[in-house]
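Below: one structure, written as structure tokens.
Counting starts at 1 for both ligands and their atoms, following the listed order. When a residue number appears, it is its place in the shown sequence, counting from 1. All figures in this text were calculated on a predicted structure; none of them were measured in a lab.
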Amino acid sequence: MDTSMNVAVIGAGTMGSGIAQVAAQAGHKVVLFDTRREAVDKALTGLRKTLDRLVEKGKFTAEQADGIHGCITPASDLKDLAGSGLVIEAIIEDLGIKQKLFGDLEGIVATDTILATNTSSLSVTAIAGGLKHPERMVGLHFFNPAPLLPLVEVVPGLATEPDLGSRMVTLMTAWGKVPVLCKDTPGFIVNRVARPFYGEAIRIYEEGIADMPTIDAAMKSVGFRMGPFELMDLIGNDINFTVTKTVWEAFFFDPRYKPSFTQQRQVESGRLGRKSGRGYYSYSDGAGPAFPNVAPPVAAPIIERILAMLINEAADALFWQVASAEDIDLAMTKGVNYPKGLLAWADEQGAAHWLSVLEGLQAEYGEDRYRPSPLLKHAARGRKRLF
Ligand SMILES: NC(=O)c1ccc[n+]([C@@H]2O[C@H](COP(=O)([O-])OP(=O)(O)OC[C@H]3O[C@@H](n4cnc5c(N)ncnc54)[C@H](O)[C@@H]3O)[C@@H](O)[C@H]2O)c1
């Protein structure tokens, strides 16, 4: 697979425009298609501005920038994708619409064209479900903004040809990305393992243990670039709530992922975060939130509880063989900028420590939400490392 392979990107929104840029920067000819032609035009105008800025910063010469921009051809008809070796879909997150698109595509592209989906929350296996050749379908989950965040989760579905995952890992590495291979399970790695960062922070707030700025400041004090509430406001509470709800439902309502009323009310009131000027914090004066200095005795129990839940989630993903320990830690550092990989972090205090924190929470609340992963128990018993 080399740069002579034509790439097509379907959907010229937030993700598709970024993915098209990444593929063009890697030297591919890219066809960009959207049912709304104006979305393609907007993406190309946006890319021109981005490239001009990068030229000003000295990242590219003007010729290189022109070359990258010139690699992307707008398309107004799905038939224009006929010569593609790889098609990456980044359209609306709707199973029926994605299935219909891939069904239509099968009648246009060659039988060996690789079909990839950028879905965040749907099953790759389900999207490939109606295909005549589901073996050439794979998940390529980029993170927003795709040109800046290095992580790509490569997700083979049940029917995916055995070596397609590793071929995509090689291709994504050639594109300058950091690929991780993961099983087709809800939330893949990042959107599953990160759930407690938000969910447990909200629980701590709901119980009146600490206010939002204190919880955010505590987490920032151990190296998280943003606190949970600050980050939810940036992501958008509507998007974050939908991901939480989707993961919870996809895990057949496992209480570990249960959404909160606090976040639901934020969404219902239109307090979506930065984009609406108000979320957990107010952004109307342009300043954003201020964070207090939090004394270590106040910060420590907050950090310990959220971290214990995150570590438990990472250990459980490893237990269920969602991905290797290396890829789980890489995903959280390269996809969501965690200061350290959670499994390596767990080993600093040892599995027995985290197990006792979780057992304490489970005893206190009597909730299945706090059940420790079997892997954490095995590691604590055998004094083994998780990473
Ligand atoms: N936004 C994120 O942070 C993010 C991150 C990772 C993955 N994703 C996933 O990427 C996909 C796209 O998300 P987005 O945020 O870029 O959405 P978006 O709304 O910004 O863009 C989607 C684009 O797809 C187009 N479209 C809709 N139906 C189409 C069809 N049938 N054929 C062709 N074009 C069609 C729309 O006109 C729109 O321009 C979703 O599956 C989403 O879950 C999003």
Side-chain angles (χ1 to χ4, degrees), residues 8-23 31-47 74-81 84 87-109 115-124 126-128 130 137-155 172 177 179-180 182 184 186-192 194 198 231-247 250 272-275 331 334-337:
V9 177
I10 308 184
T14 310
M15 294 309 293
S17 55
I19 295 167
Q21 180 188 338
V22 171
V31 175
L32 181 59
F33 170 74
D34 198 292
T35 39
R36 291 183 308 118
R37 177 56 203 248
E38 65 272 22
V40 178
D41 295 339
K42 192 173 160 223
L44 285 170
T45 313
L47 176 61
S76 338
D77 194 323
L78 207 55
K79 292 200 180 81
D80 297 339
L81 278 58
S84 314
V87 179
I88 305 175
E89 164 274 314
I91 68 164
I92 184 172
E93 188 78 336
D94 180 294
L95 179 60
I97 297 177
K98 285 193 200 277
Q99 282 175 328
K100 158 103 179 44
L101 173 69
F102 281 114
D104 292 347
L105 260 182
E106 271 204 314
I108 293 169
V109 297
L115 302 180
T117 173
N118 186 47
T119 183
S120 298
S121 60
L122 299 168
S123 140
V124 174
I127 295 172
M137 175 93 187
V138 67
L140 284 182
H141 186 217
F142 290 79
F143 288 73
N144 185 19
L148 295 182
L149 280 178
L151 188 70
V152 179
E153 292 177 330
V154 176
V155 190
M172 290 302 105
K177 292 294 175 191
V180 291
C182 64
D184 187 12
F188 308 135
I189 302 174
V190 169
N191 280 336
R192 170 201 195 133
Y198 316 108
L231 185 54
M232 282 184 276
D233 273 357
L234 179 71
I235 294 168
N237 282 303
D238 49 344
I239 290 176
N240 194 269
F241 183 66
T242 302
V243 175
T244 303
K245 224 165 126 225
T246 309
V247 169
L272 305 182
R274 278 181 186 272
K275 63 185 173 189
K334 300 291 180 188
V336 272
N337 285 321

In a check of side chain to side chain contact (heavy atoms under 4.5 Å, CB included) between Ile10 and each of Thr35, Asp34, Leu105, which one passes?
-> Leu105
May I ask you to decide if Leu272's main-chain N or O and Asp238's side chain share a donor-acceptor pair within less than 3.5 Å?
-> no
Backbone, side chain, both or neither: what part of Lys98 comes under 4.0 angstrom of ligand 1, heavy atoms only?
-> side chain
Less than 4.5 Å apart, any side-chain heavy atom of Leu32 and any of Pro74?
-> no
Winner among Pro145, Ala12, Ala90 once heavy atoms are compared against atom 12 (C) of ligand 1 | Ala90
Close-contact set for ligand 1 against His141 heavy atoms, below 4.0 Å | 6 (C), 7 (C)
Nearest non-hydrogen protein atom, atom 41 (O) of ligand 1 = Glu93 OE1, 2.5 Å
Short list, please: which atoms of ligand 1 are under 4.0 Å from a heavy atom of Ala39?
-> 39 (O)
Those atoms of ligand 1 less than 4.0 Å from some heavy atom in Ile10 = 33 (C)
Exam field: side chain Asn118 to backbone Phe142, donor-acceptor pair closer than 3.5 Å = yes
What protein heavy atom sits nearest atom 20 (O) of ligand 1, and how far off is it?
-> Thr14 N, 3.0 Å
List the closest protein heavy-atom neighbour of atom 32 (N) of ligand 1: residue, atom name, distance to the nearest 0.1 Å.
-> Thr35 CG2, 3.6 Å
For ligand 1, which atoms sit closer than 4.0 Å to a heavy atom of Gly13?
-> 16 (O), 20 (O), 21 (O), 23 (C), 39 (O)
Using distance alone, decide if ligand 1 has a nitrogen or oxygen within less than 3.5 Å of any nitrogen or oxygen in Asn118.
-> yes
State, without any angle test, whether His141 and Thr119 hold a side-chain donor-acceptor pair at a distance under 3.5 Å.
-> no
Counting each atom of ligand 1 from 1 as listed, which ones have a heavy atom of Ser120 under 4.0 Å away?
-> 6 (C), 7 (C), 8 (N), 9 (C), 42 (C), 43 (O), 44 (C)
Measure from the side-chain N and O atoms of Ser84 to the backbone N and O of Val87, and report whether any donor-acceptor pair falls under 3.5 Å.
-> no
Should the proximity of Leu122 to ligand 1, defined as any heavy atom under 4.0 Å, be assigned to the side chain, the backbone, both, or neither?
-> neither
Are the side chain of Glu89 and the backbone N or O of Lys98 linked by a donor-acceptor pair below 3.5 Å?
-> no
Using distance alone, decide if ligand 1 has a nitrogen or oxygen within less than 3.5 Å of any nitrogen or oxygen in Gly16.
-> no
CG of Leu140 to CD1 of Ile88, rounded to nearest 0.5 Å, is 5.5 Å
Which heavy atom of the protein is the closest neighbour of atom 11 (C) of ligand 1, given with residue, atom name and distance?
-> Ile91 O, 3.3 Å
Would you check whether Lys100 reaches within less than 4.0 Å of ligand 1, judged by its heavy atoms?
-> no
Contact check: Asp34 vs ligand 1, nitrogen or oxygen atoms, below 3.5 angstrom | yes
Nearest-neighbour protein heavy atom for atom 3 (O) of ligand 1, which is reported as residue plus atom name and distance = Asn144 CB, 3.3 Å
Heavy-atom side-chain contact between Tyr198 and Thr244 under 4.5 Å | no
Can a protein heavy atom be found under 4.0 Å away from atom 17 (O) of ligand 1?
-> no
For ligand 1, is there an N or O atom under 3.5 Å from any N or O atom of Met15?
-> yes
Any sub-3.5 Å donor-acceptor pair from Gln99's side-chain atoms to Ala126's backbone N or O?
-> yes
With a 4.0 Å cut-off on heavy atoms, does Phe142 reach ligand 1?
-> yes
Please determine which of Asn240, Ile239, Thr246 meets the side chain to side chain contact (heavy atoms under 4.5 Å, CB included) test together with Thr242.
-> Thr246
Ignoring hydrogens and geometry, is there a side-chain-to-backbone donor-acceptor pair from Lys177 to Leu149 under 3.5 Å?
-> yes
